[in-house]
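First comes the structure, then the notes that go with it.
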2 protein chains.
Amino acid sequence: MDIQRKDVHNSNIPVLCQACESRHRGVCGALTNDQLLQLSQHSTRRTVEPGTELVGESLQTKSYANIISGVVKLSKMMSDGRQQIVGLQFAPDFLGRPFRQENGVSAEAATEVKVCSFPKAAIERMIREMPELEHKLLEQTLTELDEARDWMLTLGRKTAGEKVASFLLLIATHAFPDNESDSVTYDLPMSRTDIADFLGLTMETVSRQLTKLRADNVIRIVNNRHVIVPDLTRLSERAGF
Amino acid sequence: MDIQRKDVHNSNIPVLCQACESRHRGVCGALTNDQLLQLSQHSTRRTVEPGTELVGESLQTKSYANIISGVVKLSKMMSDGRQQIVGLQFAPDFLGRPFRQENGVSAEAATEVKVCSFPKAAIERMIREMPELEHKLLEQTLTELDEARDWMLTLGRKTAGEKVASFLLLIATHAFPDNESDSVTYDLPMSRTDIADFLGLTMETVSRQLTKLRADNVIRIVNNRHVIVPDLTRLSERAGF
DNA sequence: CGATATCCTTGATTCTCGTCAAACCGGCGA
DNA sequence: TCGCCGGTTTGACGAGAATCAAGGATATCG
């Protein structure tokens with residue numbers, strides 16, 4: 001412990017944070033090395049299995065977290081069980097809403113997820129001291145709002161085929177944010193049922209549309225989860241753009 | 001001009017702001033009287049007709065605004081013309097996104113709208129000086145995000161009948177935020193076509209569902225726009241709650 | 001190795017909602 | 001007063017997605 005502390009102090013950046021995306025694109029980018037050090041004293045990393053509930057619908061959380069890797073799904077449910085996934089979060093997104101109680105949204109690990117979590121109180125104190133941190137949170141919230149509204153267009157106005165193509169495109173662009181080429185290969189972070197809940201469709205319809213995209217050589221699928229997109233332009237045409 | 005300035009100084013609150021909702025529930029609540037005065041020097045009020053474009057899809061805006069009264073609709077459009085309304089804004093919401101360009105969302109007056117607008121630069125300077133102002137913006141953005149996600153559930157998982165009931169309920173609660181009783185009366189702020197674009201339906205389906213709600217005595221409609229809801233509980237049952 | 005479970009695909013049928021078309025209604029100007 | 005006009009309602013029909021029901025594929029476990 002003492003040794004680790006010394007290491008940290010020497011390099012001036014906490015070891016835990018050195019390779020972390022949150023320090024660049026995420027909220028931690030707002031912190032000085034000293035503040036990072038201070039926060040990292042209270043932060044803990046953990047890895048959770050797919051299906052783990054990270055934030056309960058009503059369950060008051062005692063901590064916030066940054067996503068280090070993996071995909072988190074945010075969903076809402078109606079009293080009769082109908083479900084809608086209202087957002088996906090990727091590294092280095094911030095999980096939790098300072099100064100707010102949750103609003104009927106539950107967060108669940110879609111894949112294996114690594115998070116770096118801190119106590120509620122520590123974050124809220126640092127926010128009060130550092131306007132820059134709040135600015136980062138506003139930035140992320142605006143991005144989430146844009147994404148939510150994009151998805152509303154998908155949910156309200158696209159056909160089943162366009163919806164499924166839109167989903168594949170969404171994952172492609174988030175899995176490789178700065179992909180320049182026109183082809184990508186990746187694993188779907190969730191099951192057909194989850195995809196259906198994200199698109200406002202049934203599992204069967206999702207399956208049929210995937211089959212159709214495959215038949216038209218827009219994608220190839222290996223082992224149900226592994227997707228190969230030879231031509232992103234063609235896929236985005238199928239998504240309605 | 002000199003006289004007005006003196007008046008303002010005497011009362012310590014700019015006349016324009018004295019009766020304004022934004023000073024209580026809106027972003028201006030973050031400002032001291034002096035700051036309010038400073039901002040009000042640059043602010044102008046105007047009234048626009050239904051259909052007026054307030055923020056263009058790509059059009060870079062030079063100013064921000066608070067909504068004083070009326071309803072603003074935010075919408076997105078696909079290249080082939082399919083349209084989706086992604087949000088409604090009411091007084092005292094803040095219009096515009098400091099430090100961000102617009103994201104393919106256009107804002108249009110749904111009803112007659114009164115706004116109080118300020119130059120972009122003035123707001124951005126004040127935000128930098130006043131963390132509290134940014135905090136208010138974060139609050140509003142989080143609220144909009146919650147509303148967007150609620151609506152995603154509506155778009156993705158509700159039936160046409162539930163959607164229309166949800167819309168009536170949304171307007172009822174926003175027109176009378178703190179209505180205690182179980183009955184309300186109000187005017188719809190938009191046409192059947194707009195309602196359809198908000199719900200991801202066609203005009204005809206909206207009309208049919210309204211007819212059904214009327215036939216079942218859940219609502220009464222006068223002159224196409226005027227709605228009477230005798231029992232909000234019954235309406236919210238129809239909305240899927 | 002076969003048995004079971006889970007997830008996914010495919011097929012047949014049903015039903016909700018979209019499309020197309022006509023009629024209705026209140027307002028307005030000629 | 002009439003006829004026109006935009007917004008709305010209503011009807012007939014069809015397409016697209018949901019539902020119901022089997023039938024594969026893959027992995028896990030005895």
Side-chain angles (χ1 to χ4, degrees), chain A residues 49-51 73 78 80-84 110-112 154-168 187-216 219-227 238-240, chain B residues 49-51 73 78 80-85 110-111 154-168 187-216 219-227 238-240:
Chain A
E49 290 306 300
K73 58 185 207 216
M78 292 174 62
D80 62 2
R82 279 176 283 175
Q83 200 171 18
Q84 175 69 44
T111 61
E112 180 184 282
T154 300
L155 289 173
R157 288 304 184 198
K158 291 191 184 177
T159 64
E162 290 170 337
K163 284 181 178 183
V164 171
S166 298
F167 172 75
L168 294 173
D187 283 330
L188 294 177
M190 49 206 212
S191 71
R192 301 290 186 268
T193 307
D194 279 348
I195 297 173
D197 282 343
F198 191 31
L199 294 169
L201 299 171
T202 59
M203 212 198 54
E204 293 92 329
T205 300
V206 170
S207 179
R208 277 186 248 272
Q209 297 301 331
L210 285 172
T211 304
K212 192 179 288 182
L213 286 171
R214 203 173 31 187
D216 297 349
I219 56 170
R220 289 203 296 133
I221 301 180
V222 185
N223 279 340
N224 284 339
R225 288 288 186 114
H226 194 71
V227 177
R238 296 294 285 257
Chain B
E49 289 307 298
K73 57 185 207 215
M78 292 175 63
D80 62 2
R82 278 175 283 175
Q83 199 171 20
Q84 175 68 44
I85 293 179
T111 61
T154 300
L155 289 173
R157 288 302 184 200
K158 292 192 184 175
T159 64
E162 290 169 338
K163 285 181 178 183
V164 171
S166 299
F167 172 76
L168 294 173
D187 282 331
L188 294 178
M190 49 208 212
S191 69
R192 302 289 187 269
T193 308
D194 278 349
I195 297 172
D197 282 343
F198 191 32
L199 294 169
L201 299 171
T202 59
M203 211 198 58
E204 293 92 331
T205 301
V206 170
S207 178
R208 277 186 248 272
Q209 296 301 332
L210 284 172
T211 303
K212 193 180 289 181
L213 286 171
R214 203 173 30 187
D216 296 349
I219 56 170
R220 289 202 296 134
I221 301 182
V222 186
N223 280 340
N224 284 341
R225 289 289 186 114
H226 194 71
V227 176
R238 297 293 285 255

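Everything numeric here is computed off the predicted structure, so don't read it as measured data. Each chain gets a letter, A, B and so on, in the order the sequences are listed, and its residues count up from 1.
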Next item on the list: Find the distance A:Lys212:NZ to C:dG11:P and express it as a whole number of Å.
Entry: 13 Å
Check: For A:Asp187, which residues count as a side-chain contact (heavy atoms from CB on, under 4.5 Å) partner, sequence neighbours excluded?
Finding: A:His226
Check: Taking B:Ser207 for the side chain and B:Met203 for the main chain, is one N or O donor matched with an acceptor at less than 3.5 Å?
Finding: no
Item checked: Terminal contacting nucleotides, 5' and 3', DNA chain D versus chain B (heavy atom, 4.0 Å) -> D:dT8 to D:dA12
Item checked: Nearest heavy atoms of A:Gly161 and A:Gln209, plus distance in Å -> CA-OE1, 3.3 Å
Checklist line | Selection from C:dC8, C:dT10, C:dC17 that lies nearest to any side-chain heavy atom of A:Thr211 | finding: C:dT10
Checklist line | Comparing B:Asn223 and B:Lys158 on DNA chain C - which has the more 5′ nearest nucleotide | finding: B:Lys158
Margin query: Could you tell me how far apart A:Leu210 (CG) and C:dC7 (P) are, to the nearest whole angstrom?
Written below: 17 Å
Notebook entry, point to check: Considering heavy-atom distances to DNA chain C, does A:Arg208 or A:Arg157 have its closest nucleotide positioned more toward the 5' end?
Noted result: A:Arg208
Next item on the list: Please round to the nearest 0.5 Å and tell me the distance separating atom CD1 of B:Ile195 and atom OG1 of B:Thr202.
Entry: 12.5 Å
Item checked: DNA chain C contacts made by residues 194-205 of chain B, counting heavy atoms under 4.0 Å -> B:Gly200, B:Leu201, B:Thr202, B:Glu204, B:Thr205
Margin query: Distance check needed: C:dT9 C1' versus A:Gln209 CD, whole Å only.
Written below: 13 Å
Checklist line | B:Leu210 vs B:Arg192 side-chain heavy atoms within contact, under 4.5 Å | finding: yes
Check: Is there a donor-acceptor pair closer than 3.5 Å between any side-chain N or O of A:Gln84 and the backbone N or O of A:Phe198?
Finding: yes
Check: Is A:Lys73 salt-bridged to A:Asp197, going by a charged N under 4.0 Å from an acidic O?
Finding: no
Notebook entry, point to check: With sugar-phosphate meaning primed atoms plus P, OP1 and OP2, does A:Ser207 contact a base, only sugar-phosphate, or nothing at under 4.0 Å between heavy atoms?
Noted result: base
Next item on the list: Look only at the side chain of B:Arg157 and the backbone of A:Leu201, and say whether a donor-acceptor pair between them is shorter than 3.5 Å.
Entry: yes
Next item on the list: Nearest whole angstrom, please: distance from the C1' of C:dT6 to the CE of A:Met190.
Entry: 18 Å
Check: Looking at side-chain heavy atoms only, is the closest gap between B:Leu188 and B:Phe167 below 4.5 Å?
Finding: yes
